[in-house]
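Keep in mind the model is a prediction, meaning the values are calculated, not measured.
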Amino acid sequence: MKDGYIRAAAMTPKIKVADCRYNTEQIKELITKAYDNKAAIVGFPELCITGYTCNDLFLQDTLIDEAYNSLIDLKKYTGQYEGMAVVVGLPYMYMGKLYNVAAVLMNGHIIGLVPKMNIPNYAEFYERRQFKEGFKGNVSVNIDGEDVDFGGSLICQFGSSNKVKLAIEICEDLWTPAPPSIRHALNGATIIVNLSASNETIGKSAYRRELVKGQSARLVCGYIYSTAGDGESTQDIVFGAHNLICENGTVLAEAKKFTNEAVYADIDVDRICSERRRMSTFDVNVDENMKEAYKYVTCPELKKRTLELKRYFDKAPFVPDDKKERDARCEEILDIQTYGLKKRLEHTNCKSAVIGISGGLDSTLALLVTVRAFDILNLDRNGINCITMPCFGTTDRTYNNAVKMTEKLGCTLREINIKKSVRQHFEDIGHNEDVHNVTYENGQARERTQILMDIANQTNGMVIGTGDMSELALGWATYNGDHMSMYGVNASVPKTLVRHLVRYYADTCANKELSEVLIDVLDTPVSPELLPPNEDGTIHQKTEDLVGPYELHDFFMYHMLRFGVGPEKLFRIANIAFANDYSPAVIYKWLRTFTWRFFAQQFKRSCLPDGPKVGSVAVSPRGDLRMPSDASPAAWMEKLDRIKEANGFE
């Protein structure tokens, strides 16, 4: 297991009903194929050694004996594939009764047998005619001279890791009101393997997908679902080999039906464990009696193999790819922002809002949200005071956009040139205006905030914050400057999403002139405009040239805060996601910048104004991020140094 990833395979052999020897050879071929593809855990269908559709042939000793011999054959066969766990289905006799079981095979041994707990006897299923339901707890049985644990409360723990814990349920078990996988997960299982023989009927595959996906989400686990396919009897039903691998509510791999397609996926066990650790309501071992009934079988280590990961990493995890879904997300976020602000205005009986409007993305979004809130409250938009405060770095483009936007939205525009007051401030503190350092920049930002606060007092209004979550994560804000407001509507909206929210508004506002202004805002480089412009009047100070691309920082922020991903793993997955966009050296450079700034700038986040949470990641000290302002980044930087040394970066 490298970086917490385990490669799983869900495979369906083409079988012959009741021909155990033939089926065993097909399973062997797939075991070899799975090993060659670096799988660590492989699931096969229910009763795959015999075929699921044997019906009353299961009452014949000949078939039961052949299945037993095949189990021993497969056990020995796995001896040549060290470090790979294989789960196969077969009928097994115990105490004079026949059980539908899953056998876990590894390194030439049978690790355990798990019986099907829920035996269906309705519609096209008549399994109770041949099989007895499984039992909780465990007993020991002897197979080929080995003592093997057998029972419905079995968890396989691989090697010394306390993370990779495998448990099993079989077909109908998942479709019941209380699947065994619930017990398994609450007793520590992180990966569930389901051996199934689920036939196809109209609409069933969609329901099956949602069932497997949903169970992986509820249990915060990896779920490997292997089901029967070609070769089973079609006397009355047809099987589609609809194999699935899911992780915590996400479908990682899905077979095309009726192809007997093997599917592979890399399950992130570290991510599963991180999510369970974060969720205080995911409480393992809540029932002491249940805990005592479980048998934790220590298995050999899964083979550690370097993987070219078979999973997709979205470059923009905050932004849906699908336009329809993205538009719906934008509308929902705008609603959350709007109704958050609406409540605050209503509660304070405030009829005036004050916004520093720069012509940039963040202040544009804040203004659009404020307009929506005023409309809901039936307040006159004239009560929205848009203050433009040109200074040394202001360009004609941003100034004109700020003016046009305010006019088109019907708000009140007020221009206050702050050059004179900033120069007076520099004179008062003895700062040379020609020295364009942090004092030069922050002096302007704080002057603007002072003006906004004082105008809010004049108008009995509220200063609406414009800063976004990406800037807060990096600390790219002037403390007690643009960092401060009376309600920050963008505080949990990442920069990559701000763009789409403004674009969505431009596309749906039904005002051509306003839309044109918004589109030009989108085309304007992100900048605080605190340094003088270029000679041609264009923006000189571009944020992403200084702190790095926001798409990288949003990627880092999402995985670090949402799943606790460390620097080495983050570097690895970022290189996969941005393989066509940035070199490893560039990704490393900005990851180091992000890590250092994230730790160093927590003091700014510790005193954030109120603002609405909109997604699964936020940095409010009252919500998602309870982080000390003086925490040391030493452990993170040490891992970054290892990346640097391993790759020969400067």
### Query
Looking at S181 and Q215, what are the two nearest heavy atoms and their distance?
OG-NE2, 2.8 Å
#### Entry: R329 and E325, any side-chain heavy atoms less than 4.5 Å apart
yes
### Query
Should the pair D321-K315 be classified as a salt bridge under the 4.0 Å nitrogen-to-oxygen rule?
no
#### Entry: The single option from E261, E200, R208, K257 passing side-chain hydrogen bond (donor to acceptor under 3.5 Å, both in side chains) against H242
R208
### Lys/Arg N to Asp/Glu carboxylate O, K75 vs D144, below 4.0 Å
yes
### Query
Any side-chain heavy atom of N100 sitting closer than 4.5 Å to one from E46?
yes
### Positive for side-chain contact (heavy atoms from CB on, under 4.5 Å) with F239, one of T12, N260, T53
T53
### Message
Just checking R21: does its CZ atom have more than 12 heavy atoms from other residues, nucleotides or ligands closer to it than 6.0 angstrom?
### Response
no
### Message
Are more than 12 heavy atoms, taken from residues, nucleotides or ligands other than K204, located less than 6.0 Å from that residue's NZ atom?
### Response
yes
### Message
side-chain contact (heavy atoms from CB on, under 4.5 Å), that's the test. Do M117 and K136 meet it? Break it down for me.
### Response
CA-CA 8 Å; M117 304 299 292; K136 296 179 183 178; 4.0 Å; yes
### Query
Crowded around M279 CE? As in, over 12 foreign heavy atoms under 6.0 Å?
yes
### Message
Can you see whether Y35 has R305 sitting over its ring - NZ or CZ less than 6.0 Å from the centre and within 45° of the normal?
### Response
yes
### Whether T32 side chain and K28 backbone form a donor-acceptor pair below 3.5 Å
yes
### Query
With a 4.5 Å heavy-atom cut-off, do V17 and Y52 have their side chains touching?
no
### Query
Any idea how H553 and Y550 line up, ring-wise: parallel (<30°), tilted (30 to 60°), or perpendicular (>60°)?
perpendicular
### Atom CD of E124: over 12 foreign heavy atoms under 6.0 Å
yes
### Message
Tell me if the CZ atom of R278 is crowded by more than 12 foreign heavy atoms within 6.0 Å.
### Response
yes
### Task
Indicate yes or no: at least one non-hydrogen side-chain atom of F313 is less than 4.5 angstrom from one of R311.
yes
### Query
Do the ring planes of Y99 and F150 sit parallel (below 30°), tilted (30 to 60°) or perpendicular (above 60°)?
perpendicular
### Task
Take D554 and T496, measure what side-chain hydrogen bond (donor to acceptor under 3.5 Å, both in side chains) needs, and give me the verdict at the end.
CA-CA 7 Å; D554 282 0; T496 48; 2.6 Å; yes
### Any side-chain donor near an acceptor of the partner, E127 and N121, under 3.5 Å
no
### Summary
Closest heavy-atom pair, Y294 versus N138, reported as atoms and distance to 0.1 Å, is C-ND2, 4.3 Å
### Minimum heavy-atom distance I155-N187, with the two atoms named
CD1-O, 3.4 Å
### Query
Is the closest basic N to carboxylate O distance between D173 and K116 below 4.0 Å?
no
### Query
Think K97 forms a cation-pi with Y92, using NZ or CZ under 6.0 Å from the six-ring centre and within 45 degrees of its axis?
no
### Query
Would you call D266 and K310 a salt bridge, taking side-chain N to carboxylate O under 4.0 Å as the test?
no
### Query
Do F578 and F555 make the cut of ring centroids closer than 6.0 angstrom?
yes
### Query
How long is the gap from CE on M106 to CG on L166, to the nearest 0.5 Å?
10.0 Å
### Query
Under 6.0 Å from the CH2 atom of W636, do we count more than 12 heavy atoms belonging to anything else shown?
no
### Query
Is there a side-chain contact (heavy atoms from CB on, under 4.5 Å) between V238 and N199 once you walk through the steps?
CA-CA 6 Å; V238 175; N199 63 305; over 6 Å; no
### Task
I would like to know whether Y77 and Y81 meet ring pair (Phe, Tyr, Trp, His ring centres under 6.0 Å); could you show each step before the answer?
CA-CA 8 Å; Y77 189 76; Y81 300 115; 5.5 Å; yes
### Task
Side-chain contact test, heavy atoms from C-beta onward, threshold under 4.5 Å: evaluate it for V586 versus K589 and give yes or no.
no
### Any L98 side-chain heavy atom under 4.5 Å of K132 side chain
no
Could you give the side-chain donor-acceptor pairs of residues 643-650 under 3.5 Å, partners two or more places apart or in another chain?
unit_1, atom_1, unit_2, atom_2, d
N647, ND2, I643, O, 2.8

### Residue pair K295 / V297, side-chain heavy-atom distance below 4.5 Å
yes
#### Entry: Step-by-step side-chain hydrogen bond (donor to acceptor under 3.5 Å, both in side chains) determination, N243 to Y225
CA-CA 6 Å; N243 296 327; Y225 184 91; over 6 Å; no
### Query
Between W175 and Y207, what is the ring plane arrangement, given parallel below 30°, perpendicular above 60°, and tilted in between?
tilted
### Message
side-chain contact (heavy atoms from CB on, under 4.5 Å) for C156 and I111? Distances and angles first, verdict last.
### Response
CA-CA 8 Å; C156 300; I111 303 300; 3.8 Å; yes
### Message
Once you measure the plane-to-plane angle for F563 and H559, does it fall in the parallel (<30°), tilted (30-60°) or perpendicular (>60°) bin?
### Response
tilted
### Message
Tell me if the NZ atom of K213 is crowded by more than 12 foreign heavy atoms within 6.0 Å.
### Response
no
### Message
Just so I know, are the side chains of E232 and I15 near enough to count as touching, which here means a heavy-atom distance under 4.5 Å?
### Response
yes
### Query
More than 12 heavy atoms of other residues, nucleotides or ligands under 6.0 Å from CD of E82: is that the case?
no
